[in-house]
Amino acid sequence: MQKNKIMATAKRKLIVFDQISLDGFYKGENDDLSWAHHDRNDEEWNSFVRGNATGDGTLIFGRKTYEMMVSFWPTEMAKMHDPVMAERMNKLNKIVFSKKMKKVNWENTKLMNVDAVEAIRKLKSENGTELVVLG
């Protein structure tokens, strides 16, 4: 007698990877982000970041985060500074939500000029890789 196989559908998870101070701030004065991490020789931090970059998730960006990321990761400087992370960031699938942008110019990046909340709900209901917000 053959057992019935249960076909499980793996729905996507939405994961948020963010840094925030204990008192609720993301940026310092003049949009300064250096408080979040500034020691390039911190092996514990570097190991944590490399471990997070090994997944196959789809990165989710808003316009500002996209502009910050695309200004560094596809550059020669990124490839020299952190070649493993640069390769992962460039190869991962990325979605940018913006109603103002007309095009994106980073490999494996899709621009969505739609309501982000509804689009994320739809993406979460589909099978696929995890959705990862870097903010």
Side-chain angles (χ1 to χ4, degrees):
M1 182 171 147
Q2 189 175 13
K3 292 182 181 179
N4 290 336
K5 292 184 181 180
I6 298 172
M7 300 299 287
T9 56
K11 302 299 179 196
R12 294 171 138 175
K13 292 180 184 177
L14 177 64
I15 298 168
V16 177
F17 180 80
D18 207 350
Q19 295 180 21
I20 190 165
S21 66
L22 290 175
D23 55 354
F25 290 96
Y26 176 71
K27 301 186 235 183
E29 290 184 26
N30 301 315
D31 293 336
D32 177 37
L33 296 172
S34 65
W35 69 269
H37 186 75
H38 60 272
D39 183 359
R40 294 178 190 245
N41 296 316
D42 182 342
E43 188 50 42
E44 182 180 9
W45 171 260
N46 293 334
S47 177
F48 172 73
V49 170
R50 280 191 302 271
N52 281 316
T54 61
D56 289 328
T58 298
L59 300 178
I60 305 293
F61 299 130
R63 178 183 55 82
K64 288 184 179 184
T65 304
Y66 167 79
E67 289 172 348
M68 182 176 65
M69 296 292 194
V70 76
S71 72
F72 180 69
W73 289 113
T75 68
E76 290 303 315
M77 180 184 285
K79 292 173 189 169
M80 285 188 328
H81 171 68
D82 194 341
V84 173
M85 189 67 171
E87 180 181 2
R88 291 296 302 146
M89 290 297 290
N90 292 316
K91 291 201 183 272
L92 285 171
N93 290 321
K94 297 166 279 292
I95 299 173
V96 180
F97 286 96
S98 174
K99 293 186 179 179
K100 294 180 180 181
M101 293 176 66
K102 301 296 181 206
K103 65 177 186 168
V104 291
N105 59 348
W106 192 4
E107 68 180 292
N108 303 317
T109 303
K110 177 181 178 179
L111 176 63
M112 295 186 78
N113 300 106
V114 297
D115 179 68
V117 173
E118 288 303 315
I120 292 290
R121 279 189 185 128
K122 184 176 186 297
L123 288 167
K124 283 179 61 179
S125 73
E126 300 170 353
N127 293 331
T129 62
E130 293 173 334
L131 304 166
V132 181
V133 176
L134 297 179

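No experiment lies behind these values; they were computed from the predicted model shown.
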Looking at [X] and [Y], would you say the former's side chain and the latter's main chain have a donor-acceptor pair under 3.5 Å?
X      : Y      : value
Asn90  : Glu107 : no
Lys110 : Ile95  : no
Asn108 : Lys91  : yes

Could you give the distance from [atom1] ([X]) to [atom2] ([Y]), rounded to the nearest 0.5 Å?
X      : Y     : atom1 : atom2 : result
Asp56  : Leu92 : CG    : CG    : 7.0 Å
Ile120 : Ile60 : CD1   : CD1   : 4.0 Å
Leu59  : Arg88 : CG    : CZ    : 9.0 Å

Any salt bridge between Glu76 and Lys79, counting N to O under 4.0 Å? yes
Please determine if Lys122 and Glu126 form a salt bridge, counting it only when a charged side-chain N lies under 4.0 Å from a carboxylate O. yes
Identify the heavy atoms of [X] and [Y] that sit nearest to each other, and give their distance.
X      : Y      : answer
Leu111 : Met101 : CD2-O, 3.5 Å
Gly57  : Val132 : CA-CG2, 4.4 Å
Pro74  : Met69  : CD-O, 3.8 Å
Tyr66  : Val96  : CD1-CG2, 3.3 Å

With clusters defined by side-chain heavy atoms of hydrophobic residues (ILVMFWY) lying less than 4.5 Å apart, directly or transitively, does Trp73 cluster with Met77? yes
Transitive ILVMFWY side-chain link Leu123 to Val16, under 4.5 Å: yes
Just do the side chain to side chain contact (heavy atoms under 4.5 Å, CB included) check on Met89 and Val70 with the steps written out, would you? CA-CA 9 Å; Met89 290 297 290; Val70 76; over 6 Å; no
Dump the intermediate steps for side chain to side chain contact (heavy atoms under 4.5 Å, CB included) on Asp115 and Phe97, then the final yes or no. CA-CA 8 Å; Asp115 179 68; Phe97 286 96; over 6 Å; no
Given salt bridge (charged side-chain N to carboxylate O under 4.0 Å, His left out), test Glu67 with Lys64 step by step and report yes or no. CA-CA 5 Å; Glu67 289 172 348; Lys64 288 184 179 184; over 6 Å; no
So, do Arg12 and Thr58 sit near enough that their side-chain heavy atoms are less than 4.5 Å apart? yes
Carefully, step by step, assess Asn127 and Lys11 under the rule side chain to side chain contact (heavy atoms under 4.5 Å, CB included). CA-CA 5 Å; Asn127 293 331; Lys11 302 299 179 196; 4.1 Å; yes
Is the ring pair Trp106/Phe61 parallel, tilted or perpendicular, if the boundaries are 30 and 60 degrees? parallel
